*Asks:* 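Have a look at the structure that comes next, please.
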There are 2 protein chains.
Amino acid sequence: MAEKQKYHHGNLRKSLIKAGLEHIESGRTEILSLRSLARELGVSKNAPYRHFKNRSYLIKAIADEGFSMLYDSMTENLTGIEDVKEKLSLIGLGYVRFSLKHPGLYRMMFAAAGSVKCSMSKAELESQSNLPPTFLLLSDTIKEGIEAGIFTHLGLKEATIAAWAFVHGLSSLINDSMALGFPGLDLTDEAIFRSIETVLFTGL
Amino acid sequence: MAEKQKYHHGNLRKSLIKAGLEHIESGRTEILSLRSLARELGVSKNAPYRHFKNRSYLIKAIADEGFSMLYDSMTENLTGIEDVKEKLSLIGLGYVRFSLKHPGLYRMMFAAAGSVKCSMSKAELESQSNLPPTFLLLSDTIKEGIEAGIFTHLGLKEATIAAWAFVHGLSSLINDSMALGFPGLDLTDEAIFRSIETVLFTGL
DNA sequence: AAAGAAATGTTGACAACGCCCACTTTCTTG
DNA sequence: CAAGAAAGTGGGCGTTGTCAACATTTCTTT
């Protein structure tokens with residue numbers, strides 16, 4: 001039976017995010033248009049504007065979904081791990097693995113930061129974002145290590161930034177490597193894990 | 001005197017890259033259209049297509065100009081430095097400083113990697129790119145350190161990737177911080193330098 | 001339950017864009 | 001100096017984001 005065509009879609013906002021996510025994940029193109037999404041959902045071209053002020057806001061929403069997924073990936077293999085260094089390394093590995101599994105989404109999440117069109121207030125932004133928990137997971141783990149006297153060379157803020165920067169850079173580099181056209185960075189999970197350990201706890 | 005309106009522009013290709021660069025640098029918007037650039041240069045909307053197969057190719061060209069500038073920034077304060085660690089740290093600082101000075105361009109350079117439309121052959125890409133020298137500068141410095149027995153924990157390839165990843169991640173994070181809406185990452189040059197030293201040579 | 005308000009979806013329109021085509025003008029080179 | 005290549009032009013097509021005005025449905029309040 002064909003579904004009854006209702007005037008109201010029912011849950012257009014969520015559907016738009018989901019369809020947009022699938023579109024990005026499909027990897028065909030990183031460009032997603034409101035119109036094509038609307039078409040796909042069988043709704044008129046302007047319906048999305050009832051749920052998102054403009055295109056940037058939808059992208060931000062999708063990116064935020066991505067941050068939620070990233071958080072999950074970072075905490076995936078953490079149960080039972082007590083050692084702070086191992087915990088931190090596993091968090092990092094989860095981060096990189098997410099970026100490899102969802103390259104388009106990952107790229108979009110950080111590209112979204114540059115979309116200036118989306119000018120929410122800072123408070124508005126923070127309250128709705130899934131980013132802070134992700135940041136806190138890292139920050140708390142490092143705090144644990146500092147308090148245990150294991151990390152001694154940087155302050156909490158700087159150490160957190162440093163750790164994040166490394167896994168973030170690693171992810172970006174691996175992701176862009178083929179498109180940028182220099183020798184492949186095809187690292188195994190083990191190699192990534194070892195790199196993280198070395199850089200964060202030992203140095204080159 | 002008004003310039004004589006010639007049918008041929010004279011050096012449209014270079015002018016397009018320059019105008020595009022200025023547009024990005026101006027910071028008003030990261031979106032640049034072929035049509036607007038053509039207008040700006042007093043040339044018809046289709047003239048750019050005589051010099052760039054499509055929009056992606058122009059963007060790639062601008063990004064490449066950026067990589068050349070990045071190389072300059074990385075080598076800026078290197079004369080007379082003998083110590084490998086100090087050299088590497090200064091290269092890293094030059095990298096981060098470039099990204100802070102040219103946030104839009106920096107973002108574009110790496111976003112360009114994801115524009116799939118530009119499908120040159122790998123050889124074609126490498127031969128024309130300013131990226132390899134940048135990569136080599138880092139790689140050679142680390143090689144020097146490995147051969148001197150200073151860097152012992154990772155292989156050349158992995159160490160190079162690790163070093164690049166860190167400064168790249170640091171740059172991206174600082175650049176995106178405000179837009180992403182979490183506590184400011186306003187680091188001084190000294191703090192950046194110290195972070196680089198710590199992460200690359202000591203660990204947290 | 002009826003009426004008014006709020007949410008949600010629709011159609012039409014406009015300007016901008018990338019890009020294709022056929023055409024014109026200028027430059028280069030035999 | 002003629003022929004062909006290189007560079008620039010104008011028209012046109014399909015797509016997009018976004019605004020405004022209108023229609024329908026659902027919620028709220030009396």
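In what follows, chains carry the letters A, B, and so on, assigned in the order in which the sequence lines appear, proteins first and then strands, with residues in each chain numbered from 1. Please read all numbers here as calculations on a predicted model, not as lab measurements.
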*Asks:* Taking only residues two or more places apart in sequence, or in another chain, which ones meet A/E147 in a side chain to side chain contact (heavy atoms under 4.5 Å, CB included)?
*Replies:* A/K143
*Asks:* Specify the residue among B/L34 and A/A47 whose closest nucleotide of DNA chain C lies further upstream toward the 5′ end.
*Replies:* A/A47
*Asks:* Are any of A/H51's side-chain N or O atoms less than 4.0 Å away from OP1 or OP2 of C/dA7?
*Replies:* no
*Asks:* Looking at the base of D/dG8, is there any donor atom on it, or on the side chain of B/R50, that sits under 3.5 Å from an acceptor on the other one?
*Replies:* yes
*Asks:* Using a cut-off of 4.0 Å on non-hydrogen atoms, how would the nucleic acid contact of B/S44 be classed: base, sugar-phosphate, or nothing?
*Replies:* base
*Asks:* Look at all strands and tell whether A/R39 reaches a base, only sugar-phosphate, or nothing, counting heavy atoms closer than 4.0 Å.
*Replies:*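 Answer is sugar-phosphate: A/R39 comes under 4.0 Å of backbone atoms only.
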*Asks:* May I ask you to decide whether B/E30 forms a salt bridge with B/R107, counting only side-chain N to carboxylate O separations under 4.0 Å?
*Replies:* yes
*Asks:* For A/E158, is there an ion pair with B/R194 - N to carboxylate O distance below 4.0 angstrom?
*Replies:*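 Salt bridge between B/R194 and A/E158, a charged N being under 4.0 Å from a carboxylate O: yes.
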*Asks:* Report each atom pair, protein N/O against N/O of nucleotides 11-13 of chain D, whose distance is under 3.5 angstrom.
*Replies:*
from   : atom 1 : to    : atom 2 : distance (Å)
D/dG11 : N7     : B/K45 : NZ     : 3.1
D/dG11 : O6     : B/K45 : NZ     : 2.7
D/dG11 : O6     : B/N46 : ND2    : 2.9

*Asks:* Quick one: do B/K87 and B/E82 make a salt bridge, cutoff under 4.0 Å?
*Replies:* no
*Asks:* Report the distance from atom CG of B/L58 to atom C1' of C/dG18, rounded to the nearest whole Å.
*Replies:*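 It works out to 13 Å between those atoms.
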*Asks:* Nearest whole Å is fine: how far is D/dG8 P from B/F52 CZ?
*Replies:* 12 Å
